[in-house]
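One structure is given here, and the rest of the page talks about it.
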Amino acid sequence: MKVSFWLLDIGYEVVEDSPEIRLWGFDGDGNRILVIDRSLTPYFYFAPKEGSVESLYDQITKLKGELPYIIRHHIVEKKIFGKPIKAIKVDCKNPDNLSKYANHLKKTLNAGSSFEDDVRFSMRYLVDKEVNPCSWMEFEVEEIKNENFRIDQIYLAKSNPKKLDGLAPPKFRVLSFDIIVYGVKGAAKAAQDPIIIISAMDNKGVKTQFISENKDDETIIEKFRNFVNEVDPDIVVSYEANQVHLPYLISRAESHGIDFSINRDGGVPHRSVYGHVSVTGRANLDLYDFSDEFPQVKVKSLENIAHFLGLLKTGESVVIDDFDIPSFWDAEENRQRLLRFSETRAQLVLQISQAILDNAIQLSTLVGLPLDHIGTAATGFKVEWYLMRHAHRIGELFPNRLEHPYYTYEGGLVLPPKPGIHNNVMVLDFKSMYPNIMISKNISPDTLIQPGEPEPPEGVWEAPKVGYRFRRAPSGFYKEVLTDLIKRRSEISIKMRELDEGSFEYRILDAQQRAIKLLTNATYGYAGWLGARWYSKAVAETTSAWGRETIQNTIKLAKVIGLEVIYSDTDSIFVVYDQAKVEELLERVKKALGLEIKPETIYRSILFTEAKKRYCGLLPDGRLDIVGLEVIRGDWAEVSKKVQEDVLGIVLRERDIKKAIEVVKKYISELRDRKTPFKDLIIWKTLTKPIEKYKVKTAHVEAALMLKKAGRSLSLGDKIGYIITLNGSKLYEKAKPYNFASWDEIDLDYYVENQIKPAALRILEQFNITSEELN
DNA sequence: TTGCAGTGAGACGCA
DNA sequence: TTTGCGTCTCACTGCAAC
């Protein structure tokens with residue numbers, strides 16, 4: 001019989017010595033099903049470093065008695081960096097030890113190198129069978145008996161999966177949850193501190209809370225486990241479950257000797273690759289891993305993201321600090337607030353998950369990584385998995401990751417701007433400049449011509465300045481991949497034009513094109529990443545060299561035509577708008593450089609200081625487009641950002657410097673009168689390394705130390721919020737965690753002289769205003 | 001001890 | 001665990017002047 005299937009999660013088990021792939025998902029009727037596929041044999045490749053592959057093959061044949069893990073081996077034709085090679089495909093019994101086997105083989109034969117022995121078996125399956133997660137496919141299957149798995153039906157695959165069309169994913173059951181821990185001093189330790197509240201909510205409106213009695217969490221963990229299995233969610237969502245909630249639940253359950261089996265195979269969640277926690281048969285999505293999708297939100301808390309998305313009323317305070325949890329719990333009259341707080345969090349998680357799910361699903365399908373890996377896998381790995389799939393299709397072996405010396409190279413070109421206010425400035429930019437250059441100059445690891453190597457008859461592209469040469473034909477690996485991506489994206493854009501923006505199809509296609517854009521734009525960076533399998537400094541260096549050449553020629557052309565160039569950064573130029581001249585420029589750039597430059601917005605006016613990468617433009621609709629300045633930085637006090645934004649607005653919209661000065665003075669006097677909201681004085685900075693590794697004393701590290709001393713646990717990447725007090729002389733001595741400080745110890749002068757004034761003067765200095773004039 | 005110039009650490013943003 | 005380019009603040013160092 002045939003079954004259509006949508007893949008949600010994938011895993012594998014070794015059952016009675018032979019491996020099976022387990023594909024968890026849905027059938028066409030919305031049943032939760034498991035398809036077991038036993039058709040794939042684990043393997044790796046083995047190739048001679050020198051000498052013939054045949055003699056290596058014979059050696060393995062002779063020694064087979066000593067190599068019990070090998071099922072069979074045979075010679076295959078492959079490529080490595082585009083060069084044809086013969087390799088031996090070594091089929092093995094156990095997928096868990098391929099690297100061990102490969103090393104053993106190398107030692108035993110004292111020859112050869114191995115390939116692809118580091119590919120996890122479930123990923124091996126997805127690549128080899130060309131299966132994309134979160135998409136529809138069809139299997140020929142045979143029903144088998146369900147032994148205690150939490151699903152409707154189990155099938156054994158009798159055929160390879162066949163791709164099916166269809167955009168719409170199944171209807172998911174989504175469960176969000178949040179836990180509250182009673183941790184004295186704010187730092188909860190799983191060994192001692194109990195969970196007091198577990199809030200859970202599903203997308204059908206079922207919500208519940210498990211509340212501990214006398215701080216005993218044994219019962220509520222069991223109840224929660226039962227609840228999860230009853231609701232039987234396909235997707236579990238949370239905020240920080242990967243790093244915090246799930247490990248905590250698992251550890252508490254262990255210490256009570258409770259079976260915390262919420263997996264669809266009856267097992268307990270476990271830590272897996274890329275630091276995510278796997279809940280077999282379901283997709284565990286931690287929204288924190290997706291918080292970079294909201295770059296405007298600087299401090300990535302659930303509440304801040306919710307505010308940003310308009311899910312909380314402005315000014316609505318729902319946050320209860322970890323530190324205060326015990327006191328809220330202990331005082332009967334406040335406990336209700338704690339309960340509401342936790343419930344709100346679960347609800348926000350559920351709401352936010354809807355904003356993220358479309359993109360996550362499309363990215364999963366495109367990249368080929370299972371849904372629960374998408375949030376945690378770094379960009380480099382997403383690009384790499386996409387490349388690996390393509391490599392497999394064209395018979396290219398996955399290169400091993402090698403150690404490369406660290407080496408920097410020249411990047412994009414940035415011109416100093418013309419300071420001051422300019423009117424009618426148009427931005428022109430090359431869309432996807434680097435990918436398009438890689439395509440047009442065929443820049444790829446497999447098209448690079450080594451020094452001394454003769455030029456092929458098809459000719460070469462020789463990079464300006466850096467001199468690397470790449471063959472013009474045939475098309476390289478990167479060119480093929482990027483051409484395909486760009487083509488797919490433009491096809492999607494065409495389809496989208498015919499659709500209603502609010503429609504389901506539009507939303508899905510938009511998510512698709514965003515996923516494609518992400519991969520396309522990351523490919524250049526990937527090529528220059530030391531950890532990349534297809535690392536090539538020549539590729540990265542050549543691409544940016546052609547980029548500089550392109551933008552320089554564009555600037556020259558603009559000047560020849562008579563356009564005034566105000567500024568340029570990497571792939572864009574800012575010119576004083578003149579319709580006829582701009583049109584001429586577009587024509588000539590296309591003709592001369594073979595790349596298209598696109599007109600963007602025309603700013604009614606734009607302000608530059610002497611600094612590169614910082615400016616503010618007034619858009620046609622009256623909004624400000626602020627780039628690089630303090631307003632959009634996360635490490636300035638809110639009060640400074642507000643001052644600067646107000647000043648920019650007045651300067652650009654009204655051109656009234658006097659008024660701007662008055663506004664600054666008002667901010668200063670409000671601060672001196674202590675009328676400024678306290679939270680507007682908090683400065684947030686990230687801990688970018690372990691505290692002991694810092695070489696110089698800094699305010700946020702000192703504040704972090706105080707938090708630690710008070711019992712708070714901190715980890716890498718945490719944002720520390722501090723304020724500057726009157727105590728001490730050095731700034732780092734004056735810093736104090738904001739929640740330990742009060743209004744009367746604030747160093748008002750610091751905020752005036754080092755926060756408000758610099759932010760305002762950054763703009764007003766352009767009009768010769770001095771610090772004294774703001775007093 | 002104070003002032004100050006020069007340098008580097010550190011954080012964050014742009015393309 | 002994508003790249004380089006760039007700004008800005010503050011700590012630290014060394015030196016001169018007091």
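Per chain, numbering begins at 1; letters A, B, ... match sequence-line order.
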Rounded interatomic separation in angstrom, taking [atom1] from [X] and [atom2] from [N]:
X	N	atom1	atom2	value
A/Ile437	B/dA15	CD1	P	17 Å
A/Lys693	B/dA11	NZ	P	14 Å
A/Ile606	B/dC14	CD1	C1'	13 Å
A/Ile626	B/dG13	CD1	C1'	14 Å
A/Leu731	C/dT9	CG	P	12 Å
A/Tyr535	C/dG4	OH	C1'	13 Å
A/Lys612	B/dC12	NZ	C1'	18 Å
A/Gln296	B/dC12	CD	P	16 Å

Under-4.0 Å side-chain N/O to phosphate OP1/OP2 contact, [X] with [N]:
X	N	answer
A/Lys757	C/dT9	no
A/Tyr615	B/dA15	yes
A/Lys298	B/dG13	yes
A/Tyr732	C/dC12	yes
A/Tyr694	B/dA11	yes
A/Thr686	B/dC12	yes
A/His700	B/dA11	yes
A/Lys689	B/dG10	yes

Is the ring centre of [X] less than 6.0 Å from the ring centre of [Y]?
X	Y	answer
A/Phe381	A/Trp529	yes
A/Trp684	A/Tyr738	yes
A/Phe398	A/Phe115	no
A/Phe477	A/Phe81	no

Pairs counted as Watson-Crick or G-U wobble with both distances under 3.5 Å: what dot-bracket string results for DNA chain C, using | for bases tied to another strand?
..|||||||||||||||.

Determine the contact category for [X]: base if any of its heavy atoms lies under 4.0 Å from a base atom, sugar-phosphate if only primed atoms, P, OP1 or OP2 are that close, otherwise nothing.
X	result
A/Val696	sugar-phosphate
A/Tyr750	sugar-phosphate
A/Arg762	sugar-phosphate
A/Trp534	nothing
A/Phe381	base
A/Lys613	base
A/Asn754	sugar-phosphate
A/Lys734	nothing
A/Leu629	nothing
A/Gly531	nothing
A/Ala378	sugar-phosphate
A/Gly411	sugar-phosphate
A/Tyr274	nothing

Looking at A/Lys734 and A/Asp747, is any side-chain nitrogen of the basic one under 4.0 Å from a carboxylate oxygen of the acidic one?
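Looking at A/Lys734 together with A/Asp747, the answer is yes, because their closest N to O distance falls below 4.0 Å.
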
Ring-face cation of A/Lys641 near A/Trp636 (centre distance under 6.0 Å, axis angle within 45°)
no

Honestly, is A/Lys689 close enough over A/Tyr694, meaning NZ or CZ under 6.0 Å from the six-membered ring centre and within 45° of the axis?
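A/Lys689 over A/Tyr694 ring: yes.
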
Checking contacts here: which listed nucleotide ([options]) is nearest the side-chain heavy atoms of [X]?
X	options	result
A/Lys695	B/dG10, B/dA11, C/dG4	B/dG10
A/Asp571	B/dG10, B/dC12, B/dA15	B/dA15
A/Val627	B/dA11, B/dA15, C/dC5	B/dA15
A/Trp529	C/dT3, B/dC12, B/dG13	C/dT3
A/Val414	C/dG6, B/dA9, B/dC12	C/dG6

Run the side chain to side chain donor-acceptor pair (under 3.5 Å) test against A/Glu462 and tell me which residues pass, sequence neighbours left out.
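So A/Glu462 forms no side chain to side chain donor-acceptor pair (under 3.5 Å) with any residue.
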
Side chain to side chain contact (heavy atoms under 4.5 Å, CB included) with A/Tyr667: of A/Val647, A/Thr676, A/Asp646, only one passes, and it is A/Asp646

Of A/Lys697 and A/Arg614, whose closest DNA chain C nucleotide lies nearer the 5' terminus?
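Looking at the nearest nucleotide for each, A/Arg614 comes out on the 5' side.
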
May I ask you to check whether A/Tyr722 and A/Glu702 show a side-chain donor-acceptor distance below 3.5 Å?
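A/Glu702 and A/Tyr722 do not have a side-chain donor-acceptor pair below 3.5 Å.
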
